K.L.:
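Structure incoming, see below.
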Amino acid sequence: MTTTTERKLTTQKAIAEAIAQEMDRDETVFALGEDIGVYGGIFGATEGLLDRFGPDRIMDTPISETGFIGAAIGAATNGLRPIAELMFIDFFGVCMDQIYNNMAKIHYFSGGNIKVPMVLMTAAGGGYSDAGQHSQTLWGTFAHLPGMKVVVPSNPYDAKGLMISAIRDDNPVLYIFHKGVLGLGWMTNNPRATGPVPEEPYTVPIGKAAVAREGTDLTIATISLSVHRALDAAEQLEADGISAEVLDLRCLVPLDREAILESVRKTHRLLVVDEDYQSFGMTGEVITTAVEGAFDYLDSPPARIAIPDVPIPYSRVLEQYVLPDADKIVAGAKALLTT
Amino acid sequence: MTTTTERKLTTQKAIAEAIAQEMDRDETVFALGEDIGVYGGIFGATEGLLDRFGPDRIMDTPISETGFIGAAIGAATNGLRPIAELMFIDFFGVCMDQIYNNMAKIHYFSGGNIKVPMVLMTAAGGGYSDAGQHSQTLWGTFAHLPGMKVVVPSNPYDAKGLMISAIRDDNPVLYIFHKGVLGLGWMTNNPRATGPVPEEPYTVPIGKAAVAREGTDLTIATISLSVHRALDAAEQLEADGISAEVLDLRCLVPLDREAILESVRKTHRLLVVDEDYQSFGMTGEVITTAVEGAFDYLDSPPARIAIPDVPIPYSRVLEQYVLPDADKIVAGAKALLTT
Amino acid sequence: MEIPKDHLVDMYSTMVKIRYFEERLREIYFADKLPAFDIAAGEVPGEMHLAAGQEPVAVGTMPHLKAGDAITATHRPHHVAIAQGLDLKRMAAEIFGKDTGLGHGKGGHMHLFSAEPNFGCSGIIAEGMPVAVGAALAFKKLGKDNVAISFFGEGAANQGAFHESLNLAALWNLPVVFICEDNAYAISVPKEASTAVPDNSDRASAYGMPGVLVPENDPVAVYEVVREAIARARAGDGPSLIEVKTDRLWGHFEGDADAYRTDEFKDSMGDRDALVVFGDRLLEEGVLTAADREGITERMHNEVDEAIDFARNSPDPAPEDALLHVFA
Amino acid sequence: MEIPKDHLVDMYSTMVKIRYFEERLREIYFADKLPAFDIAAGEVPGEMHLAAGQEPVAVGTMPHLKAGDAITATHRPHHVAIAQGLDLKRMAAEIFGKDTGLGHGKGGHMHLFSAEPNFGCSGIIAEGMPVAVGAALAFKKLGKDNVAISFFGEGAANQGAFHESLNLAALWNLPVVFICEDNAYAISVPKEASTAVPDNSDRASAYGMPGVLVPENDPVAVYEVVREAIARARAGDGPSLIEVKTDRLWGHFEGDADAYRTDEFKDSMGDRDALVVFGDRLLEEGVLTAADREGITERMHNEVDEAIDFARNSPDPAPEDALLHVFA
Ligand SMILES: Cc1ncc(C[n+]2csc(CCOP(=O)(O)OP(=O)(O)O)c2C)c(N)n1
Ligand SMILES: Cc1ncc(C[n+]2csc(CCOP(=O)(O)OP(=O)(O)O)c2C)c(N)n1
Ligand SMILES: [Mg+2]
Ligand SMILES: [Mg+2]
């Protein structure tokens with residue numbers, strides 16, 4: 001390990017490596033989606049794979065999400081293990097029936113007799129002025145609907161291990177990568193998007209949160225790019241003598257409620273940070289989880305920072321106003337400690 | 001009023017009357033959807049309207065939800081006020097892009113220059129063994145996404161007043177009627193689905209909750225058919241000397257947070273009941289609202305009863321096991337009072 | 001007609017079985033819902049979409065299927081499921097919501113799933129079409145000579161999934177046969193009020209695939225056209241689109257007042273009932289004797305009665321089993 | 001050609017305006033993103049889909065439009081928006097994210113909306129197609145003789161919304177003209193890898209509407225075919241489908257390495273640049289003198305420069321205005 005973990009990769013390359021290693025290992029794994037072939041995926045999740053595996057296993061598709069995601073379902077129930085890419089999660093509306101009513105329910109309807117082993121991977125998130133149809137995270141929407149696991153890595157190590165777990169899982173797994181954690185050359189540089197990744201295949205368990213930073217004064221529970229924001233905030237808070245624990249949920253389904261409770265029982269204070277729309281989403285679920293399981297431990301009402309229930313605006317000043325960031329988290333943490 | 005309110009209607013007839021009266025008042029109002037013409041709508045929302053208004057204003061459509069809901073948007077931005085019917089809310093997946101990315105966002109993207117005055121009405125809910133693609137409520141999914149109001153009446157009076165408000169609203173309004181509150185002759189008889197409805201047009205404000213029953217020991221906050229379940233439970237609880245306040249949220253967007261806080265500040269205890277999937281939905285949002293605004297008033301951790309994150313099963317014994325009912329609410333209330 | 005006798009007899013026998021199965025279901029469905037019809041009541045609650053009259057499209061396809069061939073059917077799936085040979089007992093048990101059902105009672109009549117025979121159906125219009133494309137893609141990748149058959153109604157042909165599925169199947173040259181069951185109505189909406197062209201088979205040209213119309217509700221006519229299409233698909237020559245004009249003898253679902261169809265129309269369907277017509281024809285042509293026909297009827301009825309008794313006598317699932325099977 | 005001279009001059013002038021507008025945008029877009037390209041940086045951040053080369057389809061349509069006619073365009077909307085006559089200043093300001101923009105900076109370049117001219121576009125493939133159908137439905141109901149034009153790319157023709165929209169428009173005999181901009185690629189995916197038939201215009205038969213192919217990227221050819229289709233629609237004779245072969249001279253979005261298209265292909269597009277070809281032709285045919293042409297170029301460039309100066313000099317929206325306009 002020690003030697004191999006010295007190798008550093010971006011999250012994007014870690015994802016592509018995970019897919020390649022699983023395709024090497026298992027002939028039945030293949031990928032399909034828009035521009036995943038010669039282009040390598042708009043966000044590079046299949047970079048280099050067409051040359052390695054050829055067009056039969058790295059299939060470019062028409063702009064027919066209902067068609068090719070539905071086809072992935074049929075392939076999955078007939079002996080293959082497809083990885084379908086929905087280019088942006090914002091596009092779910094053109095194919096949601098296949099995702100939530102079909103992919104996610106066949107196993108249940110069949111009383112466990114038919115498995116749907118597939119991965120649906122998709123890009124999420126904003127912060128680069130791509131406006132309201134290309135900047136959403138929407139993971140709360142999927143986590144609300146039963147039958148699919150929802151995985152949202154924040155760093156290269158988890159990205160590779162969770163992708164391998166997702167491909168090997170016999171259930172449909174929605175694998176969401178935030179564009180901001182990928183370490184793409186054409187996005188604003190993010191040092192936290194590059195990190196040690198073992199060369200050999202390994203798995204990270206689906207449904208387990210991780211303590212990204214230990215702390216004692218409050219818990220900042222969050223996911224994906226907001227983990228980076230929270231870690232930045234935690235450094236600022238430390239300078240002010242506040243010890244923040246940062247909990248990276250890593251998955252929304254299954255949600256690691258025990259990890260949330262454990263941390264809150266330790267810190268007695270909870271701030272939930274999310275880049276999804278605030279209402280009826282992740283922040284409410286995590287806070288409710290804490291209230292249900294650790295009510296008596298809470299020294300102050302849990303608080304939340306999320307998109308204030310508006311579409312993502314285009315103009316930089318407007319978008320930055322609605323996105324969570326380290327400063328908002330610092331302010332939120334301090335407010336929490338003074339209530 | 002006194003005389004007119006003597007007239008009793010079912011919720012279904014109240015909805016159809018509201019639409020008819022608005023179509024009489026405003027030439028630009030028209031309806032389109034599957035089987036809304038000669039059939040009168042599968043759940044009767046347009047009963048009798050084809051004969052009154054003719055096929056140009058009561059338009060049957062092909063099974064093309066993306067097509068006709070998208071067409072309703074174009075009609076709404078070009079001088080008309082469409083009422084589109086999505087037969088079952090479960091079908092949203094074939095047309096969600098038009099609903100959440102287009103209908104709900106045009107006004108925002110246009111900086112307020114383009115209005116989308118339309119109603120999208122749809123049937124929700126289970127309890128009659130229609131299985132997992134025809135029994136969902138899914139209102140939490142829509143309430144999570146900004147740009148559309150979400151209205152869910154529980155009784156005939158509100159149904160008429162809220163439909164008239166929805167049609168007159170200059171924003172897109174999702175109007176959800178639970179099949180169990182309609183008073184349909186072919187569903188299990190529900191006395192609470194019939195009630196006094198004034199003949200003249202009137203409005204009920206969108207975004208205001210209603211206290212369906214006053215109480216002092218705990219607040220049961222819920223919506224739609226579960227209001228009936230909660231009222232039944234409240235009667236049982238009263239027999240045991242427990243005074244439950246039943247809060248009918250009536251709308252999820254805008255959510256009447258003040259009404260929730262007011263009731264909780266009075267009763268100090270909160271039980272949230274929902275027929276939607278439990279996680280990442282309404283129950284978490286309402287509990288979080290209470291925690292954020294009335295933490296110090298809470299004598300016990302708020303609790304919730306909802307669908308336990310499984311698809312709706314077909315078999316009666318299985319479905320009844322996952323649905324909220326009066327007994328579960330009674331048990332939940334008693335547990336809440338003993339913590 | 002030069003069709004093997006056993007195929008003719010199988011097709012007829014299966015038609016008898018399907019019809020009797022649905023008659024029994026219908027009778028049981030209503031038995032404890034009347035006089036005040038309550039959709040939630042009785043041994044078989046919920047929506048019930050029966051296919052009486054549409055047997056030809058199912059049985060005409062059946063003789064050309066082999067083990068492993070995949071079928072995706074619709075909300076009106078019984079005729080196709082029975083023709084493909086699903087375990088009738090477990091199928092009936094599922095419809096009765098019993099633990100012995102194909103899905104342990106979780107799916108019900110719109111959600112019947114079986115691994116072998118390879119069958120699935122759905123309550124969402126056109127939802128099964130892309131799934132059939134995917135099954136065919138798997139067959140091609142795995143080097144199997146199986147085919148996938150996607151059944152759908154004429155109303156489904158105006159759903160976007162129809163377009164995407166046919167384009168994909170043609171683009172990738174997959175072994176899929178798309179079979180449109182044109183019973184002229186989508187619930188209350190007649191085809192001319194939903195579809196800009198008279199025949200969906202003509203839409204095949206938009207995908208460069210063959211499109212064939214079967215103008216009569218006749219198992220033999222279906223048999224011949226589907227034989228062609230399946231042979232083509234198995235040979236690796238790609239997908240086809242077939243539209244069969246058929247009759248939905250009863251309401252859209254049981255309890256449907258069916259007021260949107262004239263009595264003349266309904267009577268005319270009754271007069272041309274494919275089950276009767278085909279049976280009589282087999283007699284005339286000497287394929288069957290009156291005794292054979294009675295024997296078939298008796299055997300088929302017994303098989304159905306046994307399946308329904310099995311379902312009735314099976315136990316309900318344990319309530320808490322509702323929590324099982326969300327994930328494998 | 002018997003086309004009014006002013007139409008020819010307008011079409012050419014507008015092509016010049018569009019091209020220069022996009023050249024300026026392109027230059028500004030890259031200016032402060034390089035050397036290390038950062039999509040989030042600079043005066044104009046985010047995705048930028050430019051239509052250089054596709055001017056003919058836009059300007060060939062323009063002369064046939066009248067007040068109130070509705071257009072729905074795509075993620076690549078500038079050429080169409082400028083041709084329809086959107087306020088260039090407010091359009092530029094929106095692209096710069098300024099408070100003076102069409103949407104006060106909320107929409108950006110993929111979400112330009114205007115009431116008059118009646119224009120909308122979208123970042124979701126084929127999303128505007130049903131909206132155009134609805135606009136046409138409104139025109140019909142309100143007794144207006146307006147038409148709706150739906151622009152979409154060849155890649156969008158495989159999206160379910162295409163199918164549903166064309167069927168509805170034909171079924172209801174609505175005044176819609178569907179114009180497919182076939183630039184041969186959907187990002188990196190060539191048409192033959194996405195579409196089962198060579199020409200989408202042939203898909204019109206699936207809806208019983210006329211389908212016409214415009215094989216050259218020529219404003220005059222577009223002009224003539226669209227004139228027909230719009231006249232038909234205004235006369236109440238229903239929708240049409242038109243496919244125009246055009247060229248996307250630059251990458252899918254700015255920053256696209258465009259490695260999926262060969263240099264030969266890209267050079268050949270450059271050699272046949274419709275802007276140059278059409279300008280030269282108007283000279284040859286004596287429609288324009290060299291002096292006219294220079295005058296046009298100067299006027300158009302000035303107009304564009306003014307619009308961009310206006311945008312640059314306009315104030316940002318107030319950050320908290322992000323909370324406005326969710327609801328009316
Ligand atoms: C996407 C979707 N829209 C609407 C429905 C409601 N619905 C169920 S069956 C049906 C009619 C289907 O007509 P057709 O495809 O002709 O099949 P048939 O019922 O005639 O066998 C409709 C509209 C649905 N189940 N799914
Ligand atoms: C539903 C949906 N799927 C995918 C995308 C991503 N996307 C944006 S543009 C594009 C290519 C569109 O090709 P085409 O329709 O030919 O238009 P062009 O870009 O060539 O002008 C794709 C796939 C999207 N915006 N919406
Ligand atoms: Mg039909
Ligand atoms: Mg293109």
Side-chain angles (χ1 to χ4, degrees), chain A residues 27-30 32 55-57 59-82 84 94-98 100-118 146-149 169-173 206-207 253-254, chain C residues 68 70 72 94 99 101-108 110-115 118 120-142 144 146 148 150 159-169 171-172 174 176 317 321-322 324-328:
Chain A
E27 286 260 303
T28 66
V29 177
F30 75 103
L32 73 173
D56 287 349
R57 294 183 71 190
M59 302 178 67
D60 272 330
T61 65
I63 308 171
S64 306
E65 289 83 0
T66 289
F68 74 76
I69 292 173
I73 296 167
T77 57
N78 283 276
L80 300 179
R81 302 183 84 86
V94 301
C95 53
M96 189 58 165
D97 181 70
Q98 290 293 338
Y100 102 102
N101 249 346
N102 207 15
M103 178 185 85
K105 290 178 181 168
I106 285 175
H107 183 265
Y108 189 80
F109 288 154
S110 73
N113 292 319
I114 307 285
K115 292 186 175 52
V116 187
M118 66 180 277
M148 57 191 139
K149 298 184 178 180
D169 200 295
D170 276 340
N171 298 288
V173 178
I206 294 175
V253 180
Chain C
T72 63
E94 185 61 29
D99 196 36
L102 289 165
H104 299 287
K106 289 202 160 76
M110 284 188 278
H111 308 289
L112 304 169
F113 290 92
S114 161
N118 189 342
C121 57
S122 153
I124 302 295
I125 295 307
E127 194 184 69
M129 300 187 76
V131 177
V133 171
L137 179 64
F139 298 150
K140 190 174 182 181
K141 286 183 183 296
L142 296 170
K144 299 180 177 175
N146 283 111
S150 166
Q159 180 71 214
F162 165 93
H163 179 63
E164 297 187 8
S165 300
L166 271 72
N167 183 64
L168 276 182
L171 185 70
W172 293 341
L174 299 176
V176 192
D321 286 357
L324 302 178
H325 303 136
V326 176
F327 291 118

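Below, chain A is the first sequence line, B the second, and so on; all start at residue 1. Just so it is clear, the model here is predicted, and its values are computed rather than measured.
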K.L.:
For Cys121(C) versus Leu112(C), what's the shortest heavy-atom pair and its separation?
P.N.:
SG-N, 3.2 Å

K.L.:
At a 4.5 Å cut-off on heavy atoms, which part of Asn146(C) comes close to chain A: side chain, backbone, both, or neither?
P.N.:
neither

K.L.:
Chain A: which of Leu102(C), Thr72(C), Leu166(C) shares the most heavy-atom pairs with it under 4.5 Å?
P.N.:
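Option with the top pair count is Leu102(C).
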
K.L.:
Taking all heavy atoms of Pro82(A) and all of Pro117(A), pick out the closest pair and write down the distance.
P.N.:
CD-O, 3.5 Å

K.L.:
So which of Trp172(C), Phe139(C), Phe327(C) has the largest heavy-atom pair count under 4.5 angstrom toward chain A?
P.N.:
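Option with the greatest count: Phe327(C).
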
K.L.:
If you count heavy-atom pairs within less than 4.5 Å of chain C, which of Val116(A), Thr77(A), Ile106(A), Leu32(A) leads?
P.N.:
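Counting heavy-atom pairs under 4.5 Å, the top option is Ile106(A).
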
K.L.:
With only heavy atoms counted, which part of Met148(A) is less than 4.5 Å from chain C, the side chain, the backbone, both or neither?
P.N.:
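When you check distances to chain C, only backbone atoms of Met148(A) fall under 4.5 Å.
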
K.L.:
Top residue by heavy-atom pair count (under 4.5 Å) with chain C, among Ile114(A), Ile69(A), Ile73(A)?
P.N.:
Ile114(A)

K.L.:
Could you work out, with side-chain contact (heavy atoms from CB on, under 4.5 Å) as the rule, every residue matching Ala328(C), not counting sequence neighbours?
P.N.:
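Here the qualifying residues are His107(A), Lys115(A), Asp170(A), Asn171(A).
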
K.L.:
In terms of heavy-atom proximity below 4.5 Å to chain C, should Val253(A) be classed as side chain, backbone, both, or neither?
P.N.:
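Side chain only.
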
K.L.:
Measure across Leu80(A) and Leu142(C) and return the closest heavy-atom pair with its distance rounded to 0.1 Å.
P.N.:
CD2-CD2, 3.6 Å

K.L.:
Please name all residues satisfying side-chain contact (heavy atoms from CB on, under 4.5 Å) with Leu171(C), sequence neighbours left out, ordered by chain then number.
P.N.:
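Partners of Leu171(C) under the side-chain contact (heavy atoms from CB on, under 4.5 Å) test: Pro62(A).
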
K.L.:
For Ala148(C) versus Ala135(C), what's the shortest heavy-atom pair and its separation?
P.N.:
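Minimum heavy-atom contact is CB-CB, 4.2 Å.
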
K.L.:
What residue in His104(C), Glu94(C), His111(C) has the most heavy-atom pairs under 4.5 Å with chain A?
P.N.:
His111(C)

K.L.:
Is chain C contacted by the side chain of Glu65(A), its backbone, both, or neither, given a heavy-atom distance below 4.5 Å?
P.N.:
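Answer is backbone: N, CA, C or O of Glu65(A) sit under 4.5 Å from chain C.
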
K.L.:
At a heavy-atom distance under 4.5 Å, which candidate from Asp321(C), Leu137(C), Ile124(C) has the highest pair count against chain A?
P.N.:
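Most pairs with chain A among the choices: Ile124(C).
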
K.L.:
Give a yes or no on whether Lys141(C) atom NZ has more than 12 heavy-atom contacts from other residues, nucleotides or ligands under 6.0 Å away.
P.N.:
yes

K.L.:
Checking heavy atoms, do the side chain of Lys105(A), its backbone, both or neither come under 4.5 Å from chain C?
P.N.:
neither

K.L.:
Between Phe30(A) and chain C, with a heavy-atom cut-off of 4.5 Å, which part of the residue counts as in contact: side chain, backbone, both or neither?
P.N.:
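Just its side chain gets close to chain C.
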
K.L.:
If only atom types and distance count, is the side chain of Asn78(A) paired as donor or acceptor with the main-chain N or O of Ala75(A) below 3.5 Å?
P.N.:
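No, the answer is negative, given that no donor and acceptor are paired below the 3.5 Å cut-off.
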
